[in-house]
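Below: one structure, written as structure tokens.
Chain naming here is simple, since letters A, B, ... match the order of the sequence lines and numbering starts at 1 in each. Every heavy atom of this structure was used, including side-chain atoms; hydrogens, water molecules and symmetry mates were not.
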Number of protein chains: 2
Amino acid sequence: MPTAHKGSPAEVAALDAYIKLMRASETVTARAHGIIGDLTLTQFGVLEALYHRGPLCAGAIAEKILKSAGNLTLVLSNLERDGLVVRQRDCQDARRVIISLSPAGRDKIAALFPKVAAAITAEFGPLSPAEQAMLGELCKKLGRGRTPSSTAARE
Amino acid sequence: MPTAHKGSPAEVAALDAYIKLMRASETVTARAHGIIGDLTLTQFGVLEALYHRGPLCAGAIAEKILKSAGNLTLVLSNLERDGLVVRQRDCQDARRVIISLSPAGRDKIAALFPKVAAAITAEFGPLSPAEQAMLGELCKKLGRGRTPSSTAARE
DNA sequence: ACTTTTTAGTTTCACATTGAACCATCAACC
DNA sequence: GGTTGATGGTTCAATGTGAAACTAAAAAGT
């Protein structure tokens, strides 16, 4: 017989909600992933950021897609190799690298984004507009009022 | 000026909810990740599965933590190298490999799990019990009634 | 009994991911 | 104007990740 952890009711409820939250986000993401074909999710994220914001320096992209700087260097290299983005040193500040979509990259994301948006919308179809808004509100409340130390300290 | 995608109101609402869903799950997971120290999230998932279910064959673990079989082989190898789990061929079915916690692995997950559970519970603190239940329900409804083909087909 | 076929794990490959170390460049300051 | 410090990217090491090819073993079909 496995040694089950005995949690308080509050813990059981929170862990249950957490598991459902994770499963839902993974399910929706997996469905979107099926649409984008040869691109990876991160590559799609980069193209999407450039598509909706215009040329950005590498750091700005990393911040937008919540990935580390080191990671982004590799992803950009792969995208550049595939001819989807262009790297260009900033004349004003030679440390910066400006990333912009190539024509091929623009075509690709312009064709892909509506499909992904439609797929995600379909995925949220089981929820009414009010339920979607409610879900968004509840998610927004998560992680609030919590300093990094306050959770790590106890025990 | 960036070329923004013009989505229908339904798309805007769904994408907005999706982004909040992703951010919430990433925030909570990141907080938990800060607790487990030298373990990776996947390693923690494996130990947690073994802790609460007892010895499992590799395939069962892969299914439980939603990772590919090939991936699990590597993760188990790393855990085995670190002395946290033990691999053992099944006598009844020589294809199977039974994975069990080593004493060190059991000690580690027994010490760690309550901390992670407490951290996640704290993370969900901003939500009332009713709100947590509501969040769980909404998440459960996502991804329902949707065959893999139904989303990929159109357009 | 001897094929298939299926199942369980491993291996391989390409890419992703983070954190740390590193390098170049700009900014501040004396 | 040369040192110091901060900033932006790249590189590196270790791990994770999935898909596909591969191996071994059990199960099924004949």
Could you check B:D82 against B:L66 and say which one's nearest nucleotide on DNA chain D is further toward the 5' end?
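Whichever sits nearer the 5' end wins; that is B:D82.
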
Could you tell me if B:R87 and B:S77 have a donor-acceptor pair between their side chains, going purely by distance under 3.5 Å?
yes

Indicate if B:L41 and B:L47 have the same hydrophobic cluster label, given that clusters are the connected sets of ILVMFWY residues with side-chain heavy-atom separations under 4.5 angstrom.
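Linked within one cluster.
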
Among [options], the one nearest [X] by side-chain distance:
X: A:C57; options: D:dT7, C:dA8, D:dG9; answer: D:dG9
X: B:L74; options: D:dG16, D:dA25, D:dG9; answer: D:dG16
X: A:V97; options: D:dA26, C:dG9, D:dT10; answer: D:dT10
X: A:A69; options: D:dT10, D:dG16, C:dC26; answer: D:dT10
X: A:R87; options: D:dT10, D:dT15, C:dC26; answer: D:dT10

Could you check, using the six-membered ring where one of them is a Trp, whether A:F44 and A:H33 have ring centers closer than 6.0 angstrom?
no

Using atom [atom1] of [X] as one end and atom [atom2] of [N] as the other, report the distance to the nearest whole Å.
X: B:R89; N: D:dA26; atom1: CZ; atom2: P; answer: 10 Å
X: B:I98; N: D:dA25; atom1: CD1; atom2: C1'; answer: 15 Å
X: A:N78; N: C:dC15; atom1: CG; atom2: P; answer: 5 Å
X: A:Q43; N: C:dC15; atom1: CD; atom2: C1'; answer: 8 Å
X: A:R95; N: D:dA6; atom1: CZ; atom2: C1'; answer: 8 Å
X: B:R96; N: D:dA24; atom1: CZ; atom2: C1'; answer: 14 Å
X: A:I61; N: C:dT17; atom1: CD1; atom2: C1'; answer: 17 Å
X: A:L79; N: C:dA14; atom1: CG; atom2: C1'; answer: 14 Å

OP1, OP2 of D:dG16 versus side-chain N and O of B:T40: anything below 4.0 Å?
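Answer yes for this pair, as a side-chain N or O of B:T40 is under 4.0 Å from OP1 or OP2.
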
Does OP1 or OP2 of C:dT17 have a side-chain N or O of A:S68 closer than 4.0 Å?
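Result: no.
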
When we call it a touch if two heavy atoms are under 4.0 Å apart, what does [X] touch: a base, just sugar-phosphate, or nothing?
X: A:L72; answer: nothing
X: A:G59; answer: sugar-phosphate
X: A:T73; answer: base
X: B:T42; answer: sugar-phosphate
X: A:R81; answer: sugar-phosphate
X: A:A94; answer: sugar-phosphate
X: A:N71; answer: base

Quick one: OG1 on A:T121 to CD on A:Q132, what's the gap to the nearest 0.5 Å?
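A:T121 atom OG1 to A:Q132 atom CD measures 8.0 Å (nearest 0.5 Å).
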
Nearest 0.5 angstrom please: A:L21 CG to A:L138 CG, how far?
10.0 Å

What residues form a side-chain hydrogen bond (donor to acceptor under 3.5 Å, both in side chains) with A:T29, not counting sequence neighbours?
B:Y18

